[in-house]
Number of protein chains: 2
Amino acid sequence: MDRIKNIACFSKLDDEQLEKLKKISVIKKYNAKEILFYEGDMPKYLYVLLKGMLKVYKTNFKGQQIFLHQFYPGGLVAELANFENIPYPATAEFTSDSEVLRIDYAALEKDFFKNPDISMEIIKSLIAKHKILIDVIQKEVILTADAKIAKFILENSELFDTLKNTQIASILNITPETLSRTLSKFKTSSIITMDEQHNVVILDKTKLEEMLSL
Amino acid sequence: MDRIKNIACFSKLDDEQLEKLKKISVIKKYNAKEILFYEGDMPKYLYVLLKGMLKVYKTNFKGQQIFLHQFYPGGLVAELANFENIPYPATAEFTSDSEVLRIDYAALEKDFFKNPDISMEIIKSLIAKHKILIDVIQKEVILTADAKIAKFILENSELFDTLKNTQIASILNITPETLSRTLSKFKTSSIITMDEQHNVVILDKTKLEEMLSL
DNA sequence: AAAATACATTGACTTATGTCAATACTTTTT
DNA sequence: AAAAAGTATTGACATAAGTCAATGTATTTT
């Protein structure tokens, strides 16, 4: 299909290689809230998200979800587990109706890994994951709740009008109560204000930035 | 030098390539407590630890070190920052007198990246890092202090006679007080006991294992 | 062996964030 | 427009782990 050609990580394949890839892969549709794989499952396939959204999370001792990452179309899903043939370290759940390209990993490895373009793509994808994980550590271990929220405002202030506060809280792995309390605190200290459309307006960028480092 | 040949990630290079590598690299010696690079520095070199130990940590808002990883001889240090030409996301400090092979990264990229063996080694090293980071997340975000300690006892009980409790606490990113209190708790519930040589003896393995999942 | 230093334990207190419940807004459905 | 359902805010309280200080126990230095 043409769709495969448009996926970043396969864009450099020639027609013959695309033909091969087609033979070892299949498009699957999922509804929102369906699970692609659970933490602990053994991987058999490599997935590329074609349409929709997929969130990846771990579950802590209290059964709460610790949000790790959200995949968007084009994303190459979960190579680590594939490479190492170890169980998935996290659970992947669709957050909207989605389509994935499901590729037989063993066949892929056999046919494509000598291709330097493909291995370069794999390196890139691993590096991207690596960044995500470092960010998770930064967010979860280094930053306080206030700092997480300050960072989110600086980097994603536009999301406040599209996402509900509960959704933002879950991305930040804090409770909606904490988010609400911190936002009020920021408002009374005139660091931010909220306009009529539930948009955040930053009044004191410097103070927000200080929270990240101090 | 012969030493390069013995490093896992360069073991497949032929003599000509080793000659090239020699030209773009140099061996540097460091003492314990010296810093190889600080969080925020821009990377110029790729390092391979030849001798000694190197710990990598981030610093949180209170100036405390969050231990991420310890490198041992043969370890390829910090490729992410190199690849992406972004600042180092953590600080690296030698914990014993050490030697590193310092390789000019730009030259390495130019001469060696077409080599599929090298790119495979890079993939392996990235995957290893990836695992470490997932472990850090597991340890820091998912587990409680009790669970961290239970895990450490299960996986590294022999370290209790070689390391001081302050060192163990710092690896687990908890305070020595918390470690001490939890160990006493485990002792009074007859989960572990301590023999004369400060060795941990596990009395109830099942209970320790339960703490990890529950 | 005594003194000095480093390390470990314990208790009282602090702090950040989560929990639960009540109430107040918004948005959607009827 | 009224009712219902979904979100957001607020308060009182709980909890895990850190902090600080005092004391006890090892280890190293003299």
Side-chain angles (χ1 to χ4, degrees), chain A residues 32-33 57 59-67 95 139-153 159-189 192-200 211-212 214, chain B residues 32-33 59-67 139-153 159-189 192-200 211-212 214:
Chain A
K33 301 205 176 171
Y57 58 87
T59 307
N60 76 1
F61 64 104
K62 279 186 182 164
Q64 295 162 329
Q65 294 180 7
I66 306 293
F67 174 91
T95 51
K139 231 176 57 181
E140 295 305 314
V141 182
I142 311 288
L143 300 181
T144 61
D146 283 8
K148 282 189 203 181
I149 295 166
K151 186 165 187 257
F152 190 86
I153 293 172
L159 286 181
F160 274 90
D161 62 333
T162 50
L163 295 181
K164 279 161 204 143
N165 282 9
T166 46
Q167 293 177 293
I168 294 173
S170 108
I171 289 174
L172 298 176
N173 290 320
I174 58 178
T175 57
E177 290 94 331
T178 300
L179 178 59
S180 168
R181 284 189 245 266
T182 301
L183 288 176
S184 324
K185 207 168 64 185
F186 286 0
K187 280 177 218 154
T188 50
S189 346
I192 60 167
T193 189
M194 228 96 184
D195 72 10
E196 297 307 302
Q197 293 97 60
H198 196 78
N199 268 318
V200 168
M211 285 184 192
L212 296 188
L214 229 119
Chain B
K33 302 203 175 173
T59 306
N60 75 2
F61 63 104
K62 280 186 181 166
Q64 295 163 329
Q65 293 179 6
I66 306 293
F67 174 92
K139 233 177 54 184
E140 295 305 313
V141 181
I142 313 288
L143 300 181
T144 61
D146 283 9
K148 281 189 203 180
I149 295 166
K151 186 166 188 256
F152 190 84
I153 293 172
L159 286 181
F160 275 89
D161 63 332
T162 49
L163 294 181
K164 280 162 202 142
N165 282 8
T166 43
Q167 292 176 294
I168 294 173
S170 107
I171 290 174
L172 298 176
N173 290 320
I174 56 178
T175 58
E177 289 95 330
T178 300
L179 178 58
S180 168
R181 285 189 245 266
T182 300
L183 288 177
S184 323
K185 208 167 65 186
F186 286 0
K187 280 179 219 155
T188 51
S189 350
I192 60 167
T193 189
M194 230 96 183
D195 73 9
E196 298 307 303
Q197 293 97 61
H198 196 76
N199 267 318
V200 168
M211 285 185 191
L212 296 188
L214 229 119

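In what follows, every chain begins at residue 1, and chains take the letters A, B, ... in the order their sequences are listed. If you're wondering where the values come from, they're calculated on a predicted model, not measured in any experiment.
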Evaluation steps, side chain to side chain contact (heavy atoms under 4.5 Å, CB included), between T182(A) and I174(A): CA-CA 11 Å; T182(A) 301; I174(A) 58 178; over 6 Å; no

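- Atom pair E140(A):CD and dA17(D):P shows a separation of 15 Å (rounding to whole Å applied).
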Within the sub-3.5 Å range, which N or O atoms of nucleotides 23-29 of chain D have a protein N or O partner, and how far apart are they?
none

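- The distance from atom CD1 of I168(B) to atom C1' of dT9(C) is 15 Å, rounded to the nearest whole Å.
- Rounded to whole Å, the distance from CD1 on I66(B) to P on dA17(D) is 14 Å.
- Among residues two or more places apart in sequence or in another chain, the side chain to side chain contact (heavy atoms under 4.5 Å, CB included) test is passed with T193(A) by V201(A), L203(A).
- At whole-Å resolution of the value, CD1 in I142(B) and P in dA16(D) are 17 Å apart.
- Using a 4.0 Å cut-off on heavy atoms, the residues of residues 170-183 of chain A that approach DNA chain C are N173(A), I174(A), T175(A), E177(A), T178(A), R181(A), listed by number.
- Here the CG atom belonging to N165(A) is positioned 10.0 Å from the CG atom belonging to L172(A), to the nearest 0.5 angstrom.
- Atom NZ of K185(B) is separated from atom C1' of dA17(D) by 11 Å (rounded to the nearest Å).
- For the helix from dA1(C)-dT30(D) to dT30(C)-dA1(D), the rotation axes defined at the first and last 5 base pairs enclose an angle of 30°, given to the nearest 10°.
- With rounding to the nearest 0.5 Å, the separation of CD in E140(B) from CD1 in I66(A) is 12.5 Å.
- With sequence neighbours left out, K185(A) forms a salt bridge (charged side-chain N to carboxylate O under 4.0 Å, His left out) with D146(A).
- Every residue two or more places apart in sequence or in another chain that forms a side chain to side chain contact (heavy atoms under 4.5 Å, CB included) with N199(A) is listed here: D161(A), D195(A), Q197(A).
- Close to dT10(D), at under 4.0 Å from its OP1 or OP2, lies a side-chain N or O of S184(A).
- Of the residues in residues 159-167 of chain B, those placing a heavy atom less than 4.0 Å from an atom of DNA chain C are K164(B), N165(B), T166(B), in numerical order.
- Annotation: ring-ring contact (aromatic ring centres under 6.0 Å, His included) contacts involving residues 159-187 of chain A, sequence neighbours excluded, comprise F152(A)-F160(A).
- The distance from atom OG of S180(B) to atom CD1 of I168(B), rounded to the nearest 0.5 Å, is 11.5 Å.
- Remark: K164(B) engages T166(B), Q167(B) in a side chain to side chain contact (heavy atoms under 4.5 Å, CB included) (not counting sequence neighbours).
- Under the side chain to side chain donor-acceptor pair (under 3.5 Å) criterion, T175(B) pairs with T178(B), not counting sequence neighbours.
- Separating the CE atom of M194(B) from the P atom of dC7(C) is a distance of 16 Å, rounded to the nearest angstrom.
- The side chain to side chain contact (heavy atoms under 4.5 Å, CB included) test applied to T162(A) returns L159(A), not counting sequence neighbours.
- Taking every heavy atom of both residues into account, L163(A) and I171(A) meet most closely at CD1-CD1, 3.9 Å.
- In this structure, the side chains of K148(B) and N173(B) come closer than 4.5 Å at one or more pairs of heavy atoms.
- Taking atom NZ on K148(B) and atom P on dA16(D), their separation rounds to 15 Å, with Å as the unit.
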